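Quick caveat: nothing in here was measured; it's all calculated off a predicted structure. Just so it is clear, the values below take in all heavy atoms, side chains as well, and ignore hydrogens, waters and symmetry mates.
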Amino acid sequence: MELLRDALLMLLPALLTGTAVFFILKRYQQLDIQKYDIENKAERLRLISPVRLQAYERMVLLLERMMPSQLIIRNVLPGTTAADLQNSLVNNIRQEFDHNLSQQLYISSNAWSLIKNARESVIAEINSAAEKLEKDAAATDLAQLLFQAEMLNANSNLNKALEYLKNEARQLF
């Protein structure tokens, strides 16, 4: 009996000490893993933040360049027809959009959807204005209709997408 008591007196403190060391080491390991995760996240943020900011800048530039007034200034040539200008404007929008497709990786899905809707809306607006004109109408006639439509439509999908994108970028940075 005394032997059992002596064995318990020696083993019990050793078991308690071993258990305490085990839990301390386990907690230390968890804290070390958390520290490593935080450092990795901070490093990823440091690397990705400039790229994301650049994506927002490029998307704002895309939306600004899709505004009919900006498109007309860049694409109208003297002596062209409304049909030529229409094709030029639509092609320009599609090229600009295609050039920036990869930026969707860095912005939210909602922002990307609004940008796509804005693109389709502007193309529809251009096509609609062109349909109102006669076949041999001058490019200036189409330009005039588009300028009028842009002035009347302050709450267009393009402006909504632009404001949404700006607000989202402000929240992130």
Side-chain angles (χ1 to χ4, degrees), residues 34-173:
Q34 286 175 348
K35 179 182 171 187
Y36 179 75
D37 287 345
I38 289 170
E39 288 172 357
N40 274 348
K41 189 174 184 178
E43 182 66 15
R44 282 193 312 264
L45 263 173
R46 186 185 68 75
L47 294 174
I48 199 79
S49 288
V51 176
R52 285 190 77 191
L53 183 58
Q54 184 181 30
Y56 281 99
E57 290 170 352
R58 287 183 65 175
M59 292 296 95
V60 167
L61 182 61
L62 169 68
L63 290 171
E64 289 287 345
R65 291 177 63 93
M66 282 194 317
M67 287 192 178
S69 57
Q70 296 297 318
L71 285 168
I72 291 166
I73 291 170
R74 288 193 319 273
N75 289 288
V76 73
L77 298 171
T80 58
T81 66
D84 291 338
L85 180 59
Q86 175 190 9
N87 288 333
S88 178
L89 297 177
V90 170
N91 286 335
N92 193 286
I93 290 170
R94 288 188 176 135
Q95 287 173 353
E96 290 276 343
F97 186 81
D98 290 345
H99 181 72
N100 289 291
L101 274 174
S102 63
Q103 301 307 307
Q104 67 183 298
L105 290 172
Y106 304 107
I107 63 174
S108 72
S109 297
N110 288 341
W112 184 249
S113 293
L114 287 170
I115 291 168
K116 289 190 318 187
N117 290 342
R119 177 193 63 161
E120 295 304 320
S121 175
V122 172
I123 290 173
E125 187 177 312
I126 291 168
N127 291 336
S128 174
E131 287 175 4
K132 294 177 184 175
L133 298 172
E134 295 181 20
K135 296 251 185 228
D136 59 343
T140 54
D141 296 334
L142 177 59
Q144 184 178 6
L145 282 177
L146 290 172
F147 279 128
Q148 288 173 351
E150 186 176 341
M151 284 190 287
L152 294 175
N153 200 2
N155 290 328
S156 68
N157 287 339
L158 193 97
N159 290 329
K160 288 176 185 173
L162 191 56
E163 281 307 308
Y164 185 87
L165 201 60
K166 288 178 184 179
N167 288 333
E168 187 172 286
R170 285 182 194 120
Q171 288 175 354
L172 291 175
F173 302 101

Could you go through residues 105-126 and list every donor-acceptor pair under 3.5 Å that involves a side-chain atom there, pairing it with any protein atom two or more places apart or in another chain?
residue	atom	partner	partner atom	Å
Ser108	OG	Ala111	N	3.1
Ser108	OG	Glu168	OE1	2.5
Ser108	OG	Glu168	OE2	3.1
Trp112	NE1	Gln104	OE1	3.3
Ser113	OG	Ser109	O	3.1
Asn117	ND2	Ser113	O	3.4

Requested in this report: Sequence neighbours left out, what passes side chain to side chain contact (heavy atoms under 4.5 Å, CB included) with Arg44? Give chain and number order.
Outcome: Asn40, Lys41

Query raised in the report: Got a sec, which residues hit side chain to side chain contact (heavy atoms under 4.5 Å, CB included) with Thr81, two or more places apart in sequence or on another chain?
Result: Ala83, Asp84

Query - Contact summary for Leu142 and Gln86, nearest pair of heavy atoms - result: CD2-N, 3.7 Å

Report task. Supply the atom-to-atom distance Asn127 CG to Leu89 CG, rounded to the nearest 0.5 angstrom. Result -> 9.5 Å

Query raised in the report: Does any N or O in the side chain of Gln103 come within less than 3.5 Å of the main-chain N or O of Tyr56, such that one atom is a donor and the other an acceptor?
Result: no

**Report entry** Separation of Asp141 CG from Lys132 NZ (nearest 0.5 Å)
**Finding:** 13.5 Å

Requested in this report: May I ask you to decide if Ala149's main-chain N or O and Asn153's side chain share a donor-acceptor pair within less than 3.5 Å?
Outcome: no

Query raised in the report: Can you find a pair of side-chain heavy atoms, one from Arg74 and one from Gln70, that are under 4.5 Å apart?
Result: yes

Report summary line: For Arg52 and Leu172 the tightest heavy-atom approach is NH2-CD1, 3.1 Å

Query - Lys160 and Ser156, any side-chain heavy atoms less than 4.5 Å apart - result: no

Query raised in the report: Within a radius of less than 6.0 Å around CD of Glu39, do more than 12 heavy atoms belonging to other residues, nucleotides or ligands occur?
Result: yes

Report task. Would you name the heavy atoms of Ala82 and Leu133 that are closest together and state the gap between them? Result -> CB-CD1, 3.8 Å

Report task. Could you check if a side-chain atom of Gln34 sits within less than 4.5 angstrom of a side-chain atom of Asp37, using non-hydrogen atoms only? Result -> no

Query raised in the report: Between Leu165 and Met59, what is the shortest heavy-atom contact and its length?
Result: CD2-CB, 3.1 Å

Query - N/O donor-acceptor pair under 3.5 Å between Ser49 side chain and Arg46 backbone - result: no

Query raised in the report: Residues two or more places apart in sequence or in another chain: which of them pass side chain to side chain contact (heavy atoms under 4.5 Å, CB included) with Gln144?
Result: Gln148

Query raised in the report: So, Arg170 versus Asn167: side-chain donor-acceptor pair below 3.5 Å or not?
Result: yes

Report task. For the residue pair Phe147 and Pro68, establish whether any side-chain heavy-atom pair is separated by less than 4.5 Å. Result -> no

Requested in this report: Check whether any side-chain heavy atom of Ser88 sits under 4.5 Å from a side-chain heavy atom of Asn91, and report yes or no.
Outcome: no

Report summary line: salt bridge (charged side-chain N to carboxylate O under 4.0 Å, His left out) filter on Glu131, not counting sequence neighbours, yields none

Report summary line: Those residues at least two apart in sequence (or on a different chain) that pass side chain to side chain contact (heavy atoms under 4.5 Å, CB included) with Glu64 are Val60, Met67, Leu162

